[in-house]
Protein chains: 2
Amino acid sequence: MAIHALTMLARWDDRTLTSAEIAESLSSNPVLVRRILGNLRDADLVWSTEGRGGGWSLVRRPREITLLDAYAAVEQGPVLSRHPHSPNESCEVGRHMRGVLETEFLDAERAMEQRLAATTIADLVQQVLIAERSRGTA
Amino acid sequence: MAIHALTMLARWDDRTLTSAEIAESLSSNPVLVRRILGNLRDADLVWSTEGRGGGWSLVRRPREITLLDAYAAVEQGPVLSRHPHSPNESCEVGRHMRGVLETEFLDAERAMEQRLAATTIADLVQQVLIAERSRGTA
DNA sequence: AGAAACCGTAACTACGATCGTTGCAGTTTC
DNA sequence: GAAACTGCAACGATCGTAGTTACGGTTTCT
């Protein structure tokens with residue numbers, strides 16, 4: 001959803017887009033868009049101008065923004081579910097499970113993040129344009 | 001959490017464990033354990049016997065059960081959050097975003113799953129035993 | 001036979017995260 | 001001064017997960 005917004009900003013990077021315009025494409029509402037883009041702004045991915053005629057634009061070029069950047073800015077909790085509470089310390093397995101699992105899970109999450117970092121917003125724009133062109137000729 | 005249970009079954013694979021014993025180590029309760037192990041049973045990872053003296057045991061050897069097996073049996077929804085509802089089809093970007101994102105996300109999830117498939121329950125038992133030994137000498 | 005110790009499952013509550021809306025304050029432009 | 005924006009807080013709806021209780025079925029032990 002953050003990626004959708006970034007892709008739109010990259011597709012029309014000659015002008016700024018308003019929250020309402022982006023919300024329109026997401027079939028959502030402007031406040032939600034501002035919330036998400038607010039996170040992206042804190043991560044220095046986008047930029048906003050207030051007042052009439054204001055809106056959002058990218059800070060870096062689309063080629064320099066990866067899906068991981070967007071993901072890291074928005075997502076907070078870990079992907080793989082940990083224990084809701086500490087296991088029993090008096091059990092031989094329970095004592096060490098937390099640490100062992102943490103290592104494995106972090107590794108797995110790293111693997112996913114590396115894959116996300118391999119794709120940029122520019123790549124997505126490219127794919128959208130290609131799909132759009134083939135739609136026109138269909 | 002499913003992995004914790006599998007590791008316990010592997011650690012004491014000379015006998016069956018009851019839901020209550022596993023719940024004890026998880027600081028949880030037997031019903032929750034049965035729910036999770038029920039999924040693992042549907043995935044042919046564990047086996048249960050009813051009645052007095054019954055309990056759970058592994059179907060395959062610990063070396064032949066990967067973290068991905070456990071993950072796939074328990075987790076259902078996708079890890080990466082998709083759009084809650086369809087985007088606007090009348091927008092050039094919205095039209096194709098779903099398909100493009102789906103590909104990227106599936107690839108990323110595959111990367112994570114491959115990492116999970118690289119570790120087996122036997123590996124975890126090994127790590128727990130090592131940690132337990134070093135605890136004894138500390 | 002009957003009690004005890006198991007699993008299997010459904011129903012219900014509690015909790016937290018996400019989504020969505022409304023409302024209002026601040027800022028810039030026309 | 002009105003209009004068009006962002007920024008932000010508060011609130012309610014919804015949903016998935018965790019946890020509990022309750023009850024029924026199955027096997028073993030005495």
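Lettering of chains follows the sequences in order, A, B, ..., and the numbering in each one begins at 1.
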B/Leu58 CG to B/Met8 CE distance, which is reported to the nearest 0.5 Å:
11.5 Å

Between atom CG in B/Leu17 and atom P in C/dA5, what is the gap in whole Å?
18 Å

Those residues of residues 39-58 of chain B lying under 4.0 Å from DNA chain D by at least one heavy atom:
B/Glu50, B/Gly51, B/Arg52

Rounded distance (Å) that lies between atom C1' of C/dT18 and atom CD of A/Glu75:
11 Å

Under 4.0 Å protein heavy-atom contact, by nucleotide of nucleotides 19-25 of chain C - B base, S sugar-phosphate only
BBBB---

Does A/Glu102 have any side-chain contact (heavy atoms from CB on, under 4.5 Å) partners at least two apart in sequence or in another chain, and if so, which?
A/Arg82, A/Leu106

Tell me whether B/Arg135 is salt-bridged to A/Glu92, with the criterion being a basic N under 4.0 Å from an acidic carboxylate O.
no

What is the separation between atom CG on B/Leu9 and atom C1' on C/dC7, rounded to the nearest whole Å?
14 Å

Check B/Arg115 with A/Glu109, please: is the shortest side-chain N to carboxylate O separation under 4.0 Å?
no

Does A/Arg60 come within less than 4.0 Å of A/Asp44, counting only side-chain N to carboxylate O?
no

Inter-axis angle, terminal five-pair segments of the helix from C/dA1-D/dT30 to C/dC30-D/dG1 [nearest 10°]:
0°

Using a cut-off of less than 4.0 Å, is there contact between a side-chain N or O of A/Gln76 and OP1 or OP2 of C/dT18?
yes

Reported OG1-to-CZ distance for the pair B/Thr103 and B/Arg98, which is rounded to 0.5 angstrom:
12.5 Å

Kindly give the cluster partners of B/Trp47, where membership spreads through any ILVMFWY side chain lying under 4.5 Å from a current member.
B/Val59

Starting from the C-alpha separation in whole Å, work towards a yes-or-no answer on side chain to side chain contact (heavy atoms under 4.5 Å, CB included) for A/Val93 and B/Trp12.
CA-CA 10 Å; A/Val93 171; B/Trp12 292 289; 3.9 Å; yes

Kindly state each residue pair satisfying ring pair (Phe, Tyr, Trp, His ring centres under 6.0 Å) with at least one member in residues 97-138 of chain B, sequence neighbours excluded.
none

When rounded to the nearest 0.5 Å, the distance separating OG1 of A/Thr7 from NE2 of B/His96 is 13.0 Å

